[in-house]
Amino acid sequence: MKSGSLTDSLRETLAIFDDSGEPWTTPEVAEVLDLGRRSTYARLERLVEQNRIKTKKAGANARVWWRSPINVDKTAPDWSAAAESLIDDVLGDVEVGIFVLDENFDIAWINGTTERYFGLDRKQVVGRDKRELIGEHITWIIEDSEVFTETVLATYDDNTYTEHFECHVMAGDEHEERCLEHRSKPIESGEYAGGRVELYYDVTDLKEKERQLEHQRTELRSELNEVFDRINDAVCGLDADWRFTYLNDRAEELVGKTEEELLGTYVWDAFSSDLHRSFRDRYEQTMETQNPVTFEEYSDAAEAWLEVTAYPSESGLSVYFRDITERKERERALEESEQRYRTLVENFPNGAVALLNDDLQHTIVGGQGFEKLDFNAKDLQDKRMQEVYPEDILELIEPNYRAALNGKANSFELEVQGRTFDFRTVPLTTDDGDVFAAMAMSQDITERNHYQERLQALYTSSRGFLTADTTPEISQILTETASDVLDLPGVVVYDYDAEHDRLVPETTSHEAGFMREKFPELPSDGSSITDCVFSSGDTQYYENVLESPNLQVPPDATEMRAGLFVPLGTKGILVAGSRDVDGFDGNTRRLVKLLATNAEAAYERVASRQELIHRNQELAALNSLNEVIREITDAVINQSTRKEIEATVCEHLADSDSYLFAWVGDIDPATQTVNMRAQAGVEEDLDGITISADPDDDRSKGPIGGAFQTGEIQTTQDLDSDPRYDPWRDEIESYGFRSSVAIPIVHEDTVYGVLSVYAGRPLAFEGREGEQIAQLGEIIGHTIAATDRKRALMSDELVELEFQLQDVFAVLNVPIEMNGTITLDNAVPIGNDEFLVYGTATPVAIDALTSLVETLPHWETVTLHSEGNPTSFELKLTEPPVLSVVASIGGHVKQTVIEDGHYQMTIHLSPSVDIHRVIDAVEEAYPQAKMIRRCQITRSHDDSHRIFRHLVSGLTDRQHATLDVAYHAGFFEWPRETSGEDVAESMGVAPPTFHQHLRKAEQKVFDLVFSTTTYSTE
């Protein structure tokens, strides 16, 4: 084979050899090239074919390679004589077009082939500038002439390199169409040094053959593609230089690139991040040995396991990839299954697993159940059961094992060395259903049986929860069951006191003392383990309580080590202790929690029942209380004295089924202690119990003292847990009440006393019942006030108080000097501690009256009704200090006169009221005032006054005030001095309301007038 051009890989290989003729072996060349031996061998063979190196065998299987040195001894031919013959006889007619250009690129010579290829005449073109010839002739017959011209002229501009390209000569009159391969290089020596030689090879036939071959190759490739595409495997082809020559669709998917992208690329570049070294080693091995190879690898790109088969040839390698992921997964699953099975056998918990063949030989045996026996799995492995089991056990188990080998599953219990095992024997079959082994599985059920026995005992003992009526009974059953049935040495049940937010020890076991000497009450501050667990609501087990940061006692003060803390809902917490570290096993902990759950349900049942009882009692008490309130309301209206009212209230309350007894007390001003005014429901006298209203006295800290001090209702829902009763606990235990309420008796800021009611049930005065009974304070207060006012109105005996204040304007800092007279004649209460006062003033005193309204805070407005002498007016007062007190106890200000700056006030009161309250009110409002008169007087027996008092005695406060205001405002004058709308506005009510009260008042008065009139017939 003639030598030709070399590829880069062949040049790389040839460069190893020098002209010394030193031989190289194939392994030596392969090592230098870092290439497989087979690939190296292929390269060396090609270099031999091109006469670049030589080779011969060296031994049976070895071969050496070398490069021949240059023969410097040969005699050079006589070129001067031969040159002309060579040019004329050889080059002139050679089938290669030749241009020889001198250093100016003028045409020095062309051969006949050039004339034919380009339609030239040698005589006409030799000596011409080649550039001009290209422009005038050649460029017009070349397809893509612009590229041709640019490429050729560039070699003239830079005559330092070789050029190689193909061009297409189009058909003309003097030349044929043909494809030419242009090769040119600079002439470096000789006559035409600095010039250039251009060769044009006719490759027309070659191009046609290439076209035909390409067509055939395309058809073959298409056919192969159809074949390969029908193959599920990925297929790719590699040449001897490890470059891609073919990929089917599956291969494209595997690589993640198209065939177009990969053809001609180096396979190791395409797979550099995916294929392992084993791929390359095996490919090179199969190329060197020319033997197919099959191996398995995981492809990251395909995310699959692949079975790779490579078929070598002299020209390259065909590689087939088959996705075996499913098979590998099945194999892995099988391995894992086998491993799990063996792991299961070896670690079978609390029992054992054994496989026996037809000879009852143990082929596999293992499990953790041997840990509590004096033999292990190794003692059974590969031995027949008759060799290892005693006769009594063999008689029981052998029939069951043989039954399993015959296809029948069985179960039985067996006691081995004091422990009870539950056995299951089952047949193992092939896919065809043939039994190939018997499998025996055993479970150590000793603890389970013990657990069931304890569970049954627990069930029997805890049935008492179903009949317990109180929470202490449940706590006692819980403690005894945990101690006796579950054999817990230390047990304590804490009850949660919600009112004081603390845990109180309720019951303990007889051995609980080792936990601590005394079980104190535990505050809810997170300072103890017990409180922390109760607050969290989750059961906690401490293997060693000494390791807890919340241990309350010093470590040397307790023998307790393990501790189980089980919250009982909101009821409390169960604490169980052991002297041993981790002294409670799992079954015991489960049973304790189960017992606690049953106890919690019992607590809830009792609480629900008690709640139901309480609700029923509350409902009954509400019904009874409503009836009592109605009876009290009806009864007190008919009483004429405060004492009768208070006695009636106490009797009705004590007679009801809801309450034990009741009493009313007020404050003794001299001693600041509570004075009992009325009582009912107790046989013995309560006077022996002293209650104070003095804040500095400890006996004032109870509910009654609090009611006097604050004016607000005070309740005790459970006497046993209310420390406010501690000062009297010894005296009141015999009365048997559990709850109480102290209700202030008030009317318009006047506290008449406190009503105390007692019930034999706890929580009697909460919710609606408490709201209902609280109304009694206002009802009684209103009735007492009404009674006092009625007595003051109807009584003939009065106490008259007269006060005098000199220079009242100076005392009150009113910036005016007064002359004349202001008289306040009648004061009418209109509600909300407001009064309308009617009087007269002399003309010179009008400015003084106005100044008083502007200066005194409780004098709001004044309205003048006439301009006569004196002038009548209407004065509105709000919370006047003296008038309010007087009105609250049924008295009235007879008259107030301010004359020439001096103030004089006369007050009439019933003898039965607290006179000192009025005196104190006057002295507090006007410290400079002097009482100049206090005496008891008798009303005039004028029939008109008696008739008036009788007529208005049946009116309500609002009706009386409406009639009084209407009269003094001139509503009944004709023509009317004031309209109904004006009167309503002054009273702060709507006109319809005013007219409604006025009509009712008029109706009552007229009823009395006409029903009591007697006509004489004489």
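All values reported here derive from a predicted model rather than from experimental measurement.
- Crowding of D205 atom CG: a count of heavy atoms from other residues, nucleotides or ligands under 6.0 Å not exceeding 12.
- To the nearest 0.5 Å, the span separating CG on L44 from CZ on R63 amounts to 10.5 Å.
- Using a 4.5 Å cut-off on side-chain heavy atoms (C-beta onward), H362 and V388 make contact.
- Rounded to the nearest 0.5 angstrom, F148 CZ and I138 CD1 are separated by 5.5 Å.
- Under the salt bridge (Lys or Arg N to Asp or Glu O under 4.0 Å) rule, E296 has a single partner from R322, R282, K328, which is K328.
- Between A354 and V365 the shortest heavy-atom distance is CB-CG2, 4.1 Å.
- A centroid separation of 6.0 Å or more is found between the aromatic rings of Y200 and Y117.
- In this structure, OG1 on T204 lies 6.5 Å from CG on L180, to the nearest 0.5 angstrom.
- Taking the ring axis of F99 as reference, the NZ or CZ atom of K130 stays within 45° of it and closer than 6.0 Å to the ring centre.
- Side chains of E177 and H168: a donor on one and an acceptor on the other come within 3.5 Å.
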>> Evaluate L14 against R67 for side chain to side chain contact (heavy atoms under 4.5 Å, CB included), listing each step before the verdict.
In response: CA-CA 9 Å; L14 184 60; R67 187 173 183 181; 4.3 Å; yes
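- When all heavy atoms of T25 and W65 are compared, the closest pair comes out as C-CD1, 4.2 Å.
- Considering all non-hydrogen atoms of both residues, I187 and L101 come closest at CD1-O, 4.0 Å.
- Between Y246 and E259, some side-chain heavy-atom pair lies under the 4.5 Å cut-off.
- Defined by atom type and a distance below 3.5 Å, a donor-acceptor pair is missing between the side-chain atoms of W140 and S145.
- Of all heavy-atom pairs spanning L306 and D323, the tightest one is CD2-CA, 4.1 Å.
- Checked by atom type and distance alone, the side chain of T425 never pairs as donor or acceptor with a backbone atom of Y401 at under 3.5 Å.
- Between R46 and E314, no side-chain nitrogen of the basic residue sits less than 4.0 Å from a carboxylate oxygen of the acidic one, so the salt-bridge criterion is not met.
- Taking the six-membered ring for Trp and thresholds of 30 and 60 degrees, W242 and Y283 have nearly parallel ring planes, at less than 30 degrees apart.
- With hydrogens and angles disregarded, a donor-acceptor distance shorter than 3.5 Å links the side chain of T55 to the backbone of V64.
- Under the 4.5 Å side-chain criterion, counting only non-hydrogen atoms from C-beta, R183 is not in contact with T162.
- Put simply, OG1 on T160 and NZ on K185 are 12.5 Å apart, with the number rounded to the nearest 0.5 Å.
- The backbone N or O of Y41 sits nowhere less than 3.5 Å from a side-chain atom of T26 that would complete a donor-acceptor pair.
- Within the 4.5 Å cutoff, no side-chain heavy atoms of E261 are placed close to those of F244.
- N376 places a side-chain N or O within 3.5 Å of a backbone atom of D379 that can act as its donor or acceptor partner.
- No donor-acceptor pair closer than 3.5 Å links the side chain of T149 to the backbone N or O of E146.
- For the pair Y389 and L380, the minimum side-chain heavy-atom distance is below 4.5 Å.
- No more than 12 heavy-atom neighbours from other residues, nucleotides or ligands sit within 6.0 angstrom of CD on E174.
- Here the shortest heavy-atom pairing between T363 and Q381 reads O-NE2, 2.6 Å.
- Atom CG of L199 and atom CD of E163 lie 13.0 Å apart (nearest 0.5 Å).
- Side-chain atoms of S184 and H182 form a donor-acceptor pair, as typed in the model, at a separation below 3.5 Å.
- Between the side chain of R384 and the main chain of D359, a donor-acceptor pair closer than 3.5 Å is present.
- Between L360 and L405, the closest side-chain pair of non-hydrogen atoms falls below 4.5 Å.
- Other residues, nucleotides and ligands contribute at most 12 non-hydrogen atoms within 6.0 Å of the CD atom of E31.
- With hydrogens and angles ignored, the 3.5 Å screen pairs no side-chain donor or acceptor of E181 with any backbone N or O of D202.
- At least one side-chain heavy atom of Y161 sits under 4.5 Å from a side-chain heavy atom of T155.
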> Do R116 and E95 pass the salt bridge (Lys or Arg N to Asp or Glu O under 4.0 Å) test, and can you show the C-alpha distance, the side-chain angles, and the key distance before you say yes or no?
Replying inline: CA-CA 10 Å; R116 293 196 311 271; E95 291 299 318; 3.3 Å; yes
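- Looking at N410, its side chain never comes within 3.5 Å of a backbone N or O of A404 through a donor-acceptor pair.
- Heavy-atom minimum distance, V147 versus T151: O-OG1, 2.7 Å.
- Residues T286 and F295 have side chains not in contact (no heavy-atom distance under 4.5 Å, counting atoms from C-beta outward).
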>> I'd like to know whether V353 forms a side chain to side chain contact (heavy atoms under 4.5 Å, CB included) with M439, so could you lay out the CA-CA distance, the side-chain angles of the two residues, the decisive distance to 0.1 Å, and finally the verdict.
In response: CA-CA 7 Å; V353 177; M439 183 171 69; 4.0 Å; yes
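- A donor-acceptor pair under 3.5 Å is formed between the side chain of T114 and the backbone N or O of I98.
- Atoms CZ and CD, on F17 and E22 in that order, are 11.0 Å from each other to the nearest 0.5 Å.
- Under a 3.5 Å cut-off, the side chain of S442 and the backbone N or O of A352 do form a donor-acceptor pair.
- Within a 6.0 Å sphere centred on CD of E176, other residues, nucleotides and ligands contribute 12 heavy atoms or fewer.
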>> Checking R250 against F321 for the side chain to side chain contact (heavy atoms under 4.5 Å, CB included) test, could you report, in this order, the C-alpha distance in whole Å, the side-chain angles of both residues, the deciding distance, and whether it holds?
In response: CA-CA 9 Å; R250 288 299 307 279; F321 300 92; over 6 Å; no
> Between N406 and V435, does a side chain to side chain contact (heavy atoms under 4.5 Å, CB included) hold up when you go through it step by step?
Replying inline: CA-CA 7 Å; N406 291 325; V435 178; over 6 Å; no
